[in-house]
Structure formats: structure tokens, C-alpha cells
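Written below as C-alpha cells is the structure these notes are about.
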Amino acid sequence: MGIFKKPSLRSREKRDDMPEGLWTKCPDCGAMIHTLELQQNLHTCPQCGNHFLMDSSERIALIADPGSFEETEKDLVSANPLGFNGYEGKIGSLRQKTGLNDAVVTGRLTVGGKPAMIAVMDFKFFAGSMGSVVGEKITRAIETAVAEKRGVIIVSASSGARMQEGMLSLMQMAKTCGALARLSEAKLPYISVLTHPTTGGVTASFATIGDINLAEPKCMIGFAGPRVVKETTHQNLPPGFQTAEFMLDHGLIDAIVPRKELRDKLVELLGYMMPE
């Protein structure tokens, strides 16, 4: 019957009454996922399990005991020590757009009743790059953990060191690792959680020196990008290069933990590793 005309699914006509941002296409399997379903599924694809990016507030809510999170060093803001053209304007724009002051959120919390400090990097702020503020906030979180006898959890998602701060950014690698050495001397645990992507100076410093290194499935872990590595070595890269699965096979990480199981794994590890 020709009374009703059914629109083609492949129609290219734009509907004015269709709100934007309601659907997300999975880059792995191509499934169309409603935004609400994606949020309820912890930003993982219900069809293939692909893990999407997740912001810092959602990760903290996933990990922390309800009502236990207390943010620290919230008001630290990046300066422009090298006078990099346009840097201050970019920082100001990102602060307004994201509601964050920089690319990491730190604070106190409990996980399964165990006291800890957490630092969660947020890729939406300057691609999670590590400048002076990121390094300082992570270092202060570790120092607080030593003073208050807490474990440390760092969730990494970063493009590496922030080039607009030059050498000062690179110095954060040594500073954060030095603070973690003091945490180790105090016999307190450090659990590193690597998410997509974890690259550059973050990979080369605190992200890969945890007492336990965990990673989300299929996340990218590396120092330089695959193209740069291939051009430098002049060799074809092995299958799955710079994925969490490749790093697990070669001993860089200890376990791959799906996002839905992460809190339970952290509760288990802290219960075992925290001193009585």
C-alpha cells in the first residue's frame, strides 16, 4: 500500500527535527549506539566491547567509594614560562570549555574502604599533555599519600609532554618518578592504570613503573607513534604493535582489565597490598 512512504535508511536528507549527538558509531564494529546506552554501559560498546574515551569525573565515580572523593590542588593553573605565543589563550579557552583547570584531577578517596590518593588524566584538556601543573599535582598527590599512609592510583590518558612548556615539561618525568621512589620507600602501593591513549613522556615515566600496571583492552600504549617508529627503524612493525595486548605479551603490563571489572580489581589489589 502506498499510503505511507517509508524513508530509506541510507537517505542523505537531513532531518531538522533530529537532535545532534544522540548516537555514536563504534569505530571497531560500526554499531550505532544511543548516547544514554553508551553512558549506562560505562562508555563501552555493547556489541564488541570497544572502550571509548572517558572523562575524569566519570572515572573517579567508577572507582571511588560513594561520597569518599575529596579533590586536592584544584586551583593550580598553568603559566606561560617560555612566553609561547597563544598558549595562555589556549589554556583559558580549554578551562572554559571543559570546566577543568588542567589535564589531571587529583584527590583523596577510599576504594573498598582502603585509603588512597588518585590522579586521573583527562584527554579532553590539551590531549592530556603533561605540563608543569600536571607534574606538580601528581607529585603533591604522591607526597600526600606518603604523609597520610595511603596507596596511589594513577589513571593515564595522554599524548605525552606538553611542548609549549619545553624543558619544564620534560622535568616532570623525573619529578614524578622521584616522588614515586619515596612512596616505594614508605612501602605503600602504586597501581598504574593505562587507558587509550598513553604515549610519550607519560609512558616513559610514571605510567609504566607501577607496582602493578593495568590496562584497558586494546588501548594504545607507546612512546612515539607507529609511523615515527617505522620511519626511524626502517622495519615493518609486528601485528598489534603498541596495543595493550602486545604489551602484556612482552611484559610491560601485568593485566588487561575491562572497565566494568576495574573497581573490583582495585579493591582486591589494595586489600592485598596496603599495610595493616
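FYI, side chains are in, hydrogens and waters are out, and symmetry mates aren't considered; it's all heavy atoms of this structure.
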At their closest point, which heavy atom of L214 faces which heavy atom of K265, and how far apart are they? CD1-CG, 3.9 Å
Are R108 and E148 ion-paired here, with the side-chain N under 4.0 Å from a carboxylate O? yes
Under 3.5 Å donor-acceptor, R150 side chain and A145 backbone: no
Exactly one candidate in S129, S169, S132 meets side chain to side chain donor-acceptor pair (under 3.5 Å) with R162; the answer is S129
Could you check whether any side-chain N or O of Q96 sits under 3.5 Å from a backbone N or O of G92, counting only pairs where one atom can act as donor and the other as acceptor? no
Identify whether Y190 and V134 are in the same connected component of the hydrophobic contact network (ILVMFWY, side-chain heavy atoms under 4.5 Å). yes
Heavy-atom closest pair (M273 atom, P189 atom, distance to 0.1 Å) is CE-CB, 3.6 Å
Separation between CD1 of I212 and CG of L269, rounded to the nearest 0.5 Å: 5.5 Å
Approximate separation, where rounding is to 0.5 Å, of I60 CD1 and I118 CD1: 5.5 Å
Residue pair Q172 / I138, side-chain heavy-atom distance below 4.5 Å: no
To the nearest 0.5 Å, what is the distance between CG (L100) and CG (D55)? 8.0 Å
Sub-3.5 Å donor-acceptor pair from the side chain of S205 to the main-chain atoms of M173, do we have one? no
So do the side chains of P27 and N50 get within less than 4.5 Å of each other, counting heavy atoms only? yes
Do M54 and T195 have side-chain heavy atoms sitting under 4.5 Å apart? no
At their closest point, which heavy atom of P217 faces which heavy atom of P258, and how far apart are they? CD-CA, 3.9 Å
Is there a side-chain contact between C177 and I209, using heavy atoms and a 4.5 Å cut-off? yes
Output for pair (F223 CZ, T203 OG1), nearest 0.5 Å, gives 8.5 Å
Is the closest side-chain heavy-atom distance between T106 and E71 below 4.5 Å? no
Kindly assign one of parallel, tilted or perpendicular to the pair F246 and H250, based on the angle between their ring planes and the thresholds 30° and 60°. parallel
Just by modelled atom types, is the G135 backbone N or O under 3.5 Å from a matching donor or acceptor in the K175 side chain? no
Give, for atom OG1 of T24 and atom CD of E37, the distance between the pair rounded to the nearest 0.5 Å. 10.5 Å
Applying side-chain contact (heavy atoms from CB on, under 4.5 Å), can you list everything that pairs with K260, at least two apart in sequence or on another chain? N41, L42, T44
Is there a donor in the side chain of H43 and an acceptor in the side chain of E58, or the other way round, less than 3.5 Å apart? yes
All side-chain hydrogen bond (donor to acceptor under 3.5 Å, both in side chains) counterparts of K90, not counting sequence neighbours: none
Answer yes or no: is there a side-chain heavy-atom contact under 4.5 Å between L62 and R259? yes
Taking 4.0 angstrom as the limit, do E245 and K218 come out as a salt bridge? no
Same apolar cluster (I L V M F W Y, side chains within < 4.5 Å links), F241/L194: yes
What verdict does the salt bridge (charged side-chain N to carboxylate O under 4.0 Å, His left out) test give for K137 and E73, after you've listed the backbone C-alpha separation in whole Å, the side-chain angles of each residue and the deciding distance to 0.1 Å? CA-CA 6 Å; K137 289 182 72 171; E73 315 299 343; over 6 Å; no
Would you say L180 ends up clustered with L188 if hydrophobic residues are merged whenever their side chains have heavy atoms under 4.5 Å apart, either directly or through other cluster members? yes
Test your reading of the model: is there a side-chain donor-acceptor pair from N213 to the backbone of T208, 3.5 Å cut-off? yes
Say you draw a straight line from CD1 of I63 to OG1 of T110; how long is it, rounded to the nearest 0.5 Å? 12.5 Å
Evaluate side-chain hydrogen bond (donor to acceptor under 3.5 Å, both in side chains) for T176 paired with T139, printing each intermediate quantity in order. CA-CA 5 Å; T176 52; T139 299; 5.6 Å; no
Report the C-alpha distance between R59 and D122 in whole Å, list the side-chain angles of each, state the deciding distance to 0.1 Å, and finish with yes or no for salt bridge (charged side-chain N to carboxylate O under 4.0 Å, His left out). CA-CA 10 Å; R59 287 197 179 276; D122 201 316; over 6 Å; no
Just so I know, are the side chains of I33 and F52 near enough to count as touching, which here means a heavy-atom distance under 4.5 Å? yes
Provide the closest heavy-atom pair for K114 versus G271 in the form atom of the first, atom of the second, distance. CE-CA, 3.9 Å
With clusters defined by side-chain heavy atoms of hydrophobic residues (ILVMFWY) lying less than 4.5 Å apart, directly or transitively, does L270 cluster with F69? yes
Where do D65 and R263 land on the salt bridge (charged side-chain N to carboxylate O under 4.0 Å, His left out) test, with the steps shown first? CA-CA 9 Å; D65 292 342; R263 174 180 156 80; 2.9 Å; yes
Might you confirm whether atom CE of M32 has over 12 heavy atoms from other residues, nucleotides or ligands at distances under 6.0 Å? yes
So does D102 pair up with K74, basic N to acidic O under 4.0 Å? no
For a quick check under 3.5 Å, do T199 and S159 share a side-chain donor-acceptor pair by atom type? no
Under 4.5 Å between side-chain heavy atoms, hopping through other hydrophobics if needed: is there a path connecting V120 to V193? yes
What are the two closest non-hydrogen atoms of I253 and A244, and how far apart are they? CD1-O, 3.3 Å
Taking side chain as C-beta onward, heavy atoms only, is Y87 less than 4.5 Å from E165? yes
Shortest non-hydrogen contact from L53 to P197? CD2-CD, 4.4 Å
